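Working notes, structure below.
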Amino acid sequence: MQHIDYKTTGTCAKMIHFDRSEDMRIHNISFDGGCNGNLKAISKLCEGMTADEIAIKLGGNLCGNKGTSCADQLAKAVLSA
């Protein structure tokens, strides 16, 4: 299992932490900052998914006029790992 810490840009959450298993599935997602309840829900919903599955579901979701969101940043994080 590989642990990844991803520094976000443009969101209230400042960091995303997750593990990637040998079969390329994402586990143990957590965020530093952001909307705690929403991000816990996103983390639970994405548990065990592949990076591509997460990116398809969450990539491009925007928060207000920020041009990104915590969900979008998660999609970028898992694809960059």
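On a predicted model such as this, the values are computed, not experimentally measured, just so you know. All residue numbers in this chain count up from 1 along the given sequence.
Within the model, atoms SG of Cys70 and CG of Asn61 stand 11.0 Å from one another, a figure rounded to the nearest 0.5 Å. Taking CE from Met1 and CD from Glu22, the interatomic distance works out to 8.0 Å, rounded to the nearest 0.5 Å. The line from OG1 of Thr8 to CG of Asp32 is 9.0 Å long, rounded to the nearest 0.5 Å. In this structure, NE2 in His17 is found 10.0 Å from CZ in Phe31, a value given to the nearest 0.5 Å.
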Tabulate below the donor-acceptor pairs under 3.5 Å that side-chain atoms of residues 72-81 make, not counting sequence neighbours, or state none.
| from | atom 1 | to | atom 2 | distance (Å) |
| --- | --- | --- | --- | --- |
| Asp72 | OD1 | Gly60 | N | 2.7 |
| Asp72 | OD2 | Thr68 | OG1 | 2.7 |
| Asp72 | OD2 | Lys76 | NZ | 3.3 |
| Gln73 | OE1 | Thr9 | N | 3.0 |
| Gln73 | NE2 | Thr68 | OG1 | 3.0 |
| Ser80 | OG | Lys76 | O | 3.4 |
| Ser80 | OG | Ala77 | O | 2.9 |

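Side-chain contact between Asn28 and Phe18 is absent, with no heavy-atom pair separated by less than 4.5 Å. Looking only at side-chain heavy atoms (C-beta outward), Lys66 and Leu62 stay at 4.5 Å or farther from each other. At a threshold of 4.5 Å between non-hydrogen side-chain atoms, the residues Ile26 and Met49 do not count as touching.
Under the side chain to side chain donor-acceptor pair (under 3.5 Å) criterion, His27 pairs with Glu47, sequence neighbours left out. Remark: Glu53 engages Arg25 in a salt bridge (charged side-chain N to carboxylate O under 4.0 Å, His left out) (not counting sequence neighbours).
Counting all heavy atoms, side chain and backbone alike, Leu58 lies closest to Ala71 at CB-O, 3.5 Å. Heavy atoms only, all atoms of each residue included: Asp5 and His3 are closest at OD1-NE2, 2.9 Å. Looking at every heavy atom in both residues, Leu39 comes nearest to Gly34 through CD1-CA, 3.8 Å.
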*Quick one: do Ser21 and Asp23 satisfy side-chain hydrogen bond (donor to acceptor under 3.5 Å, both in side chains)? Show the steps, please.*
CA-CA 5 Å; Ser21 64; Asp23 65 353; 2.2 Å; yes

